[in-house]
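Protein chains get the first letters and strands the later ones, always in sequence-line order, with residue 1 at the start of each. Values below: every heavy atom of this structure, side chains too, minus hydrogens, waters and symmetry copies.
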Amino acid sequence: MFRAVKTDIKFPKQEESILKFWKDNDIYKKSLSLRQGSPPFVFFEGPPTANGLPHPGHCLTRAIKDLFPRYRTMRGYWCNRKAGWDTHGLPVEVEVCKELGIHSKEEIEKFGVEPFIAKCQQSVWRYMQEWERVTERLGFWIDLSEAYVTYHQSYVESVWWSLKNLFDRGLLYRGHKIVWWWAQGGTALSSGEVGQGYREVADPSVYVRFPLVDQPDTSLVVWTTTPWTLPSNQFAAVHDSIQYAYCSDPESKDTLIVAADLVKTLGEKIKRELTVLKTVPGSQLVGLRYRPPYDYYHSKIGSRIGDLKAGGSLHTDWRVVHADFVTIDSGTGIVHLAPAFGEVDYEVLIAQRELFADGHGPSLICAVGPDGKFTDQAPDYQGVWVKDADRPISRSLRERGLLWHQEQYVHDYPFCWRASEDPLIQYPRESWFIRTTAFRDAMLENNSKIGWLPDHIGPGRFGNFLESNVDWALSRERYWGTPLPVWVCQSTGKMESIGSYDELLAKKGLQGTQVWEKAKAANPDLAEDLKVHKPYIDAVTYESPFAPGARMHRVSEVIDCWYDSGAMPFAQWGYPHAGKENFESQFPADFISEAIDQTRGWFYSQLAISTMLFGQQPGQTQTQSQYPHPFKNCIVLGLMLAEWYESKDGKQRFLTEEDARSAMGSDFVQKTGKMSKQLRNYRSPQEIFDRYGADALRWYLFANQAPWNSILYSERAIRDSIPEFILRLWNVFSFFTIYAEIDGFAGPSEIPGPMDQLDAKELEQAKTYRPVSKRSELDRWILSELGTTCRDAVEKMDRYDSYGACESLHAFVDALSNWYVRRSRARYWASDKQDQDKLDAYWTLYESLVVISKLIAPFTPFLAESLWGHLTQGLTGVRQSVHLCDYPNGGFAPSDKVLNERMGLLRQIASLGRSARMESKLKVRQPLSRVEVTLASDAHIDWLRSHDDIVREELNVKEIHYTSGSSPFVTYSVQPNFRKLGPRVGQMLPKLKTVLAAASGANLMDQMSRTGKILVVIDGKELELDGEDIQVRLSAKEGWAAAQGKSCVVALNTELTPELIRDGIAKDAIRLIQDLRKRRRCNYTDRIKISIFTTSSQLAEALNTNLGLIQSETLATDFAVAVVPQGSIEIKGGVCELVELADEQIAVGLDVISDS
RNA sequence: GCGCACGUAGCUCAGUUGGUUAGAGCGCGUCGCUGAUAACGACGAGGUCCGUGGUUCGAAUCCACGCGUGCGCACCA
C-alpha cells in the first residue's frame, strides 16, 4: 500500500535523513561488495589539500568524480574509490609560518626544524572536518577511511622507490642552472609554481651607456628593466645580421650605437632627433670591448686575457658578442648580459666559455647572494635587497653620466605563489632535475592516446605544454616535503639513491637513527611517519662504499610536492613495497577529472612519472607498455566563477538579486568574476546544501552546461534547478501516491514471492499487471519514451557526456509530467477501483517512476533514494537502496519510433490549438464545437483520427476534423528539400526555389497526389521531383482563428451556441467549487452540499442543465440553485461566500456532509 | 608576444557531417489551467549568431584576417 507523501517537502532535510540511512546501512560498502569480482572501473582521486577550506569549485570536481563511478557501479563494474590527501609542500609551510609570524628560512631554522615539521604535520589536517563534511554532504561516495596521505611513510617510500629508479637510470641529476629563485624562502620553484605567480608590475626601465674601450667617445646603449643586474654585467649582445647605427645625440657629445631600425623610436622617446652617422651590421660590432657601468669586477679582471681553443687569445669579459635571441622588438637592439640572472644570458656565458681553453674562459660574475641581497662584491650596495637597489643604482648611473634615459615599464613578473609580496629572481643554483626532456616524444605519444574531454585539450593545451617541456626542477631547499633519497659520499662526492627505509637501515655502518628514537621517546604522540622526514632522516648516515672511512650523508633537499601527487597511481598502495596486487589491478585509471588548472599540475605530473617509469624507454623501438597510462579518460573541468550583485560604487555586495533589490531598489549591477575570499562573493557549499540541497547543486552542475565550460556559481540558477527538474519529478511522484492511496493500489505487493530490483520481469507476476502491448496507447507511448531515454542515457554516459544524459532525463520527466500524467488524470479518477484501464495507468506510472529513480540515481542520488524507498516500501527481498540496482538499459520497453513521432504530432496539435484559442481570446474552459486540423502529409492521419478524444479533451472541443488535402484554412508553399537536392541539382537550387515558390502550392500538391511526382522546367531542363525532394509548408489563411506549425495548421470554429455557453458556465462553476473545496481544506474524498444563489435565471439554467456533471466532478451529493431578486444576494452567515461566475455575482454555500 | 578556448535573445547556455522559419531555461509582458500547488501551461516581445572578407547553389556552422573575453605558456634582456 502506498501512502500519500507530504506536499511540503523539504529537500535538504530529506537529504540529511538519507545520509543517515546510507551511513547506518553501509550502503556504499554494499554497492562495492555487490560488484566484487566484476570488471573494474578504475578511478583515481586527485588529492586535495586539506589545509584550506573547501569552496564551491571543489564541489564541481567532487560531483563529477562521484557521478561516473556511481554510474559505472550501477552498470555492473567494481569501482573502488580511494580518497587521498595532498599534504606536503610550500603551502603548508607558509600556513605554519603565518601562524608563527615568521617568514624567512633563518627564522624557521631559529624556531627549529623539528618543531616546525611537527607543526606542518598537524596543520595539514586543519580543515579535514570541513572537507569530510562537504564530501559526505554532497553525496560523494569515496572511502575516506582508507585515504592515501602523501606524508605517510609508505607513500614516501613509494616515491623514493620511483626516484631511485630514475636515479639509477641517470635521469635524476644535479645541475647548475639558472632557476627561478624565491630568495626569502631560499628555494627554487618549478615552472608550474612560477606560472601561478605572474602579476603585472611597473618596473624602472633604464637605457645605459657602455663606453667603448678603444673609442671612449662612443658608447653602446643597452636597455634593462632590472637595474640591479648591472653590477654583474659581463657581456653586451648584438645580432650579427641586425644593422646598427652610430648616431649623434644633440645633448651629448658622445656617439651612440643602437639598432638602426630603432633610432627613430628612441629619438621620439627622448624627444630629440638622433642623427645617423654610419650604419654597420652587428657582426662588425662583435669583439668590441666596453667599460661596464660598475668597476667592482672590472677593476680586478678587466684586462684578463684567456687562450682560445682555436689558438690566439681574447679578453674574457666585457666584449660585444653575438646572440641569436637578440631582436629589435624592444630596447635598443643591444642586450646587457648578466649571466647570473638570466637563463639565456647564462647560455651565452657557457657558449663563450666553450671557446676558451680549459680554465681560461670567463667565470660567472655574481654580486648577489642567495638571500637576494648584494654581497661584499658590490660594497656600495652590500646587504641591500636587489629590488631596493634599483633606485640607488639609477641615481648612481645618472650622477656618473651613464644613464641616457629612464622610464617606467609595465610588464608581468613572477612572484612567489605563496608569498605574493616576494618577487622571484633568476639565480644560479645547484638543483636536482629530472630529465623529462628525454621523454618528450614518449609523453606526446602517451598523451595522444588519452581520451580528453573536451578533446582539444590533448593536441591543444596539454600537447603544447608537453612540446615545450623542460627538465623538471625537482628539488626544494625546504623542510616539509618528501626528502630527496640521495646520499652522497663526503670524500668522493659519489652518490647513491635509496628506495626504502629498510634499505637504508640495512646499510653498513648505519648511524643516526637514535635521533628519531629519542624524539619519539620524548614525545610518544609523534607520528611514526615523521621518521622518514627532515630533520630525522638527515641524521641517518652510513659507511661510504666509495672511499674507506668516509660516510654517506643525505643531500639536504626535499622534493616538489607535485611529484608526490603525480606518483599517486602507485604510491597510494605503497607499491612496490606493498600493494602489488592492488596496483596491478588498479592501473591505469579509466577515469579522472580535475579542473583545467591541473594541466601543468596533476595531469602533467602523473603523465610524466608514469611515462618515465612504466612507458617506452628512450631508444627502445618496441612498445612495452600499452599507452595511455596512468589514465585513459580525463574530463577537464572549466573554472568556476562567482556571480554577485553590488552597488554602483561597489561598496555593498549581495549574493542574490532579491537581496540586492530589497536593499538598493534597482540601483545595483550584476557582476561575474573570479571567486574571491576577500570579496566574499560566493556562498559556502554548506549554506547551499542547507538552503537548496545537494541534489539541487548537483543537478545544476551537471545539467546546465558541458562540464568543461566555465560555470557561474549562481545561487539563483542552483535554486532554479529545483522547480525545473527535482520538484517536477517529485510532484509526479506525489500525484501517484495521492491516488494510489485513495484507490488502495496494491502495486508490487500483489506479487507473492520475494522481489529484487523491480524490473519488468518481476512486475509482470502481479495479477493486475498487464503486458504493455495490451495497454492503452498513452501507456505504450510513455514506456516507449522511457525505453528510449534509458538507451540514450546509457549511450551518452558511456562516452562521458553527462550533459547530454541530463537533457534526455529532463525531457522525459517533462513528457511524463506534462503529457502522460496530464492526459491520464481522468483515468486515475475513475470510480471503479478495479477498472483495468485505471490499473494500467497506475502500473505504467509506477514502473516509470521506478525506472526513473534508477536513471537519476548517479545524478541526484538523494532524490533517487527517496523515490526508491517510497516505491518499494514494505516489499520483501527488494534491494535496500536504488544505488544497489542495475542501471536500466531500456530492454524492457522497445522504442516505438512511429508512436513517439505520432504522439509528438498530437502534442503539437494540442499546443497549436491552445495558441489559436489564445489568439481569439477563447479560454480553454469554454467548449467549442469544432476544430479543423490540416496536415502537410497524410502519413499519420488515421492514427490521429483514432486518438481524437485526447485532442478533444485537451482543447475542450466537441468535434475534430483532420484533412491533408486542400483546405479552406491554409495556403501551401512548396520548397525544395535542400539537403536532398543540393548534391543533385547544385547551382540550379536557387532557381528551383523561385519556380516552386511562384507556382500555386495547391496545384503542386494536387499534381503530387495524382501522379506521385512534380515536373518543373528550369533553363530548358526538365526536372522530376518526387515526394522526398520537396518540403511542403502550410500557413494559416488570414481571417481564421488558426495557428500554424511546421507541418500542420489548427483552425478553430469560434461560433458559440447557447448550449456551448451553458457548458462553459458549468465548467467555470466546477473550477470555482473545486477551488472552494481546496480553500476549505476538504479531504479529497469529502462529500459536500452546495447552495448557489444568483440573480440570473440564465446562469441558473446553465447550472441546472449540467447538474450531473457538476455534482460528479465536485463530489456534491446535494446541489441547489436558487434565483433570487436583484440586490438580495448577501452572505447568509456560515459557510457562504460571494464569488463571480460568468460575469455575475453569486453566493455559494458549501457544507461538508461526510467523509466517506 | 605565442598558444588554446570562447563570442548566439536582457541573463545563463544548446545548436548534430554546412541545408534556407536559429532553439531551451530564467527574466519580462499577456493570458490560461489547477483536487500534483515551493506548482503548472500557452502565447508574446526580444537576435547584425562579434566584425570584415572568402569558399559554396546554400554559412551561426568551413577558411583567412581583425576585434573582444577567459585561461595557459613565456619573456621582455
A/Gln975 side-chain proximity, nearest of B/C75, B/G3, B/U20
B/U20

Nucleotide N/O of nucleotides 62-64 of chain B paired with protein N/O under 3.5 Å:
none

Picking from B/C40, B/A77, B/G3, which would you name as closest to the side chain of A/Asn464?
B/G3

Remember a base hit wins even if backbone is also touched, and classify A/Phe11 as base, sugar-phosphate or nothing at under 4.0 Å, heavy atoms.
base

Is there a donor and acceptor pair closer than 3.5 Å between the side chain of A/Arg979 and the base of B/U20?
no

When the distance from NZ of A/Lys1067 to C1' of B/U34 is rounded to whole Å, what number comes out?
13 Å

When every non-hydrogen atom of A/Asp390 is compared with those of A/Pro227, the smallest separation belongs to OD1-CD, 3.3 Å

In whole angstrom, what separates A/Ile726's CD1 from B/U37's C1'?
18 Å

Nearest nucleotide by nearest heavy atom, which residue falls closer to the 5' end of RNA chain B, A/Phe735 or A/Lys993?
A/Lys993

Residues at least two apart in sequence or cross-chain that pass side chain to side chain contact (heavy atoms under 4.5 Å, CB included) with A/Ala1116, listed by chain then number, are A/Ile1088, A/Ile1090, A/Gln1111, A/Thr1114, A/Phe1119

Rounded to the nearest angstrom, tell me the gap between atom CZ in A/Arg822 and atom P in B/U34.
10 Å

In terms of the angle between their ring planes, are A/Tyr846 and A/Phe2 parallel, tilted or perpendicular, with boundaries placed at 30° and 60°?
tilted

Any N/O donor-acceptor pair, A/Arg825 side-chain to B/A36 base, under 3.5 Å:
yes

Does a nitrogen or oxygen in the side chain of A/Ser734 sit under 4.0 Å from OP1 or OP2 of B/U37?
yes

Closest-nucleotide 5' rank along RNA chain B - winner of A/Pro459 and A/Leu981:
A/Pro459

Would you indicate what A/Val732 reaches in the nucleic acid, counting non-hydrogen atoms under 4.0 angstrom: base, sugar-phosphate, or nothing?
base

Of all the choices, B/A39, B/C40, B/A14, which nucleotide is nearest to the side chain of A/Asn818 once you look at every atom?
B/C40

Set of residues satisfying side chain to side chain donor-acceptor pair (under 3.5 Å) with respect to A/Asp743, sequence neighbours excluded:
A/Lys838, A/Tyr842

Name the pairs: protein N/O against N/O of nucleotides 25-27 of chain B, kept only if under 3.5 Å.
{"residue": "B/G25", "atom": "O2'", "partner": "A/Glu724", "partner atom": "OE2", "Å": "2.3"}
{"residue": "B/C26", "atom": "O2'", "partner": "A/Arg716", "partner atom": "NH1", "Å": "3.2"}

Report which part of the nucleic acid A/Val821 touches: base, sugar-phosphate, or nothing (heavy-atom distance under 4.0 Å, all strands).
base

What's the closest nucleotide to the A/Arg461 side chain, out of B/C71, B/A77, B/A14?
B/C71

Would you mind checking if A/Arg799 and A/Glu795 are paired as a salt bridge, meaning a charged N to carboxylate O distance below 4.0 Å?
yes

Using whole Å, what does the distance between atom P of nucleotide B/C11 and atom CG of A/Asn709 come to?
17 Å

Sequence-distant partners of A/Ser714, side chain to side chain contact (heavy atoms under 4.5 Å, CB included), two or more places apart
A/Glu643, A/Tyr700, A/Leu712, A/Arg716, A/Ala717

Quick check for you: among B/G41, B/C76, B/A36, whose closest atom lies nearest to any side-chain atom of A/Asp814?
B/G41

What's A/Ser817 touching, base or sugar-phosphate or nothing? Going by heavy atoms closer than 4.0 Å.
base

Report yes if some heavy atom in the side chain of A/Tyr820 is under 4.5 Å from a heavy atom in the side chain of A/Leu845; otherwise report no.
yes

Just the rounded figure in Å: distance from P of B/A77 to CD of A/Gln426.
11 Å

Residues forming a side chain to side chain donor-acceptor pair (under 3.5 Å) with A/Asp345, sequence neighbours excluded
none

A/Trp452: ring-ring contact (aromatic ring centres under 6.0 Å, His included) partners, not counting sequence neighbours:
A/Phe462, A/Phe603, A/Phe631

Who are the side chain to side chain donor-acceptor pair (under 3.5 Å) partners of A/Thr224, not counting sequence neighbours?
A/Thr226

Can you sort out the partners of A/Asp1029 under side chain to side chain donor-acceptor pair (under 3.5 Å), two or more places apart, ordered by chain and number?
A/Lys980, A/Arg984

In this structure, how many angstroms lie between the P atom of B/C6 and the CG atom of A/Leu639, rounded?
15 Å

Tell me, which pairs form a salt bridge (Lys or Arg N to Asp or Glu O under 4.0 Å) where one or both residues lie in residues 224-233 of chain A, sequence neighbours left out?
none

Just the rounded figure in Å: distance from C1' of B/C6 to CG of A/Asp455.
15 Å

Write down the distance between CZ (A/Phe812) and C1' (B/A24), rounded to a whole number of angstrom.
20 Å

What's touching nucleotides 55-60 of chain B from the protein side, N or O pairs under 3.5 Å?
{"residue": "B/C57", "atom": "OP1", "partner": "A/Gln987", "partner atom": "NE2", "Å": "3.2"}
{"residue": "B/C57", "atom": "N1", "partner": "A/Gly986", "partner atom": "O", "Å": "3.4"}

Mind checking who B/C71 pairs with, Watson-Crick or G-U wobble, both distances under 3.5 Å?
B/G3

With hydrogens left out and only the distance checked, is there a donor-acceptor pair under 3.5 Å joining A/Ser468's side chain and the base of B/A74?
no

Donor-acceptor pairs under 3.5 angstrom involving side-chain atoms of residues 804-816 of chain A: please list them, not counting sequence neighbours.
{"residue": "A/Ser808", "atom": "OG", "partner": "A/Asp792", "partner atom": "OD2", "Å": "2.2"}
{"residue": "A/His810", "atom": "NE2", "partner": "A/Glu724", "partner atom": "O", "Å": "3.3"}
{"residue": "A/Asp814", "atom": "OD1", "partner": "A/Arg728", "partner atom": "NH1", "Å": "2.7"}
{"residue": "A/Asp814", "atom": "OD1", "partner": "A/Asn818", "partner atom": "ND2", "Å": "2.7"}

